[in-house]
Each structure stands twice: as C-alpha cells, then as structure tokens.
Amino acid sequence: MPENKDYLTHEETLGTIQISEDVVASIATSTALEVEGVGGLLSTNMSDYLGGKEMEGDAIVVNLFIMLRYGFAVAEVAEKVQTAVFSALEGMTGFAVKAVNVHVGGITFD
C-alpha cells in the first residue's frame, strides 16, 4: 500500500479507494462533538484534530484531543467517543478502524 500524506488508500478487487485525511478528520471530529460531555476539541486547525491520522496495515488509527465538560465522568465520555467515532468511521469510509485513542486535555465549564 503506497504511503501518502493527503490520502488514506485501500486496495479493493475493483480498484483503489482513496479518502482524504481531511474527510477522516471531519467524520471523527463532528462525531466526537456530538457525544454528550464533550466540550470541544483542543485544536483550531481541522487537520490537527486527529493527532495521528494514519493507516496501520489496512486499518485507521486516530488520536482525538478533547475537552471534557465539567461534571461528566472522564472514562464514560471517552468510551462513548471511542464507540461513536469507531462506528462512524467504519460505516462511512468502509475502512477497518484499529484504534480510536482519546486524550482528555482539559475541562470546560459551560
């Protein structure tokens, strides 16, 4: 599988599928922001939302850096983010997802 900074590539029987890393980032970030207890993300640049957009073998690995809303349990929110992002990425891209790593970097009070 060729390495490319801008696209995740997967060989299929009928040809190659390439998905922009920005598309993967958009799916992951919008899904994470929909989870109750997530107060925001720790980046202002869309391409930085996923600290490690990569393919490991034929599977996507993502690192999300989130802000937690005050009063929510860290482990519960992180697990919900992992589950939601994992399902969204597999469902929308058709690629396998190896890991969704959630990094909680702060708390919001709004």
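The figures that follow rest on heavy atoms only: side chains count, while hydrogens, waters and symmetry mates do not.
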Side-chain donor-acceptor pairs of residues 101-110 under 3.5 Å, sequence neighbours excluded:
unit_1	atom_1	unit_2	atom_2	d
Asn101	ND2	Asn63	OD1	3.0
His103	NE2	Asn63	OD1	3.2
Thr108	OG1	Asp110	OD1	3.3

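- Of all non-hydrogen atoms in Ala96 and Glu90, the two that sit nearest each other are CA-OE2, 3.6 Å.
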Pair up each side-chain donor or acceptor in residues 69-88 with any protein partner under 3.5 Å, not counting sequence neighbours, and list the distances.
unit_1	atom_1	unit_2	atom_2	d
Gln82	NE2	Val100	O	2.9
Thr83	OG1	Glu79	O	3.0
Ser87	OG	Thr83	O	3.1

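- Distance check: Ile60 CD1 to Thr93 OG1 gives 4.0 Å after rounding to the nearest 0.5 Å.
- For Met92, the side chain to side chain contact (heavy atoms under 4.5 Å, CB included) partners two or more places apart in sequence, or in a different chain, are Ile27.
- The distance from atom CG of Leu64 to atom CG of Leu41, rounded to the nearest 0.5 Å, is 7.0 Å.
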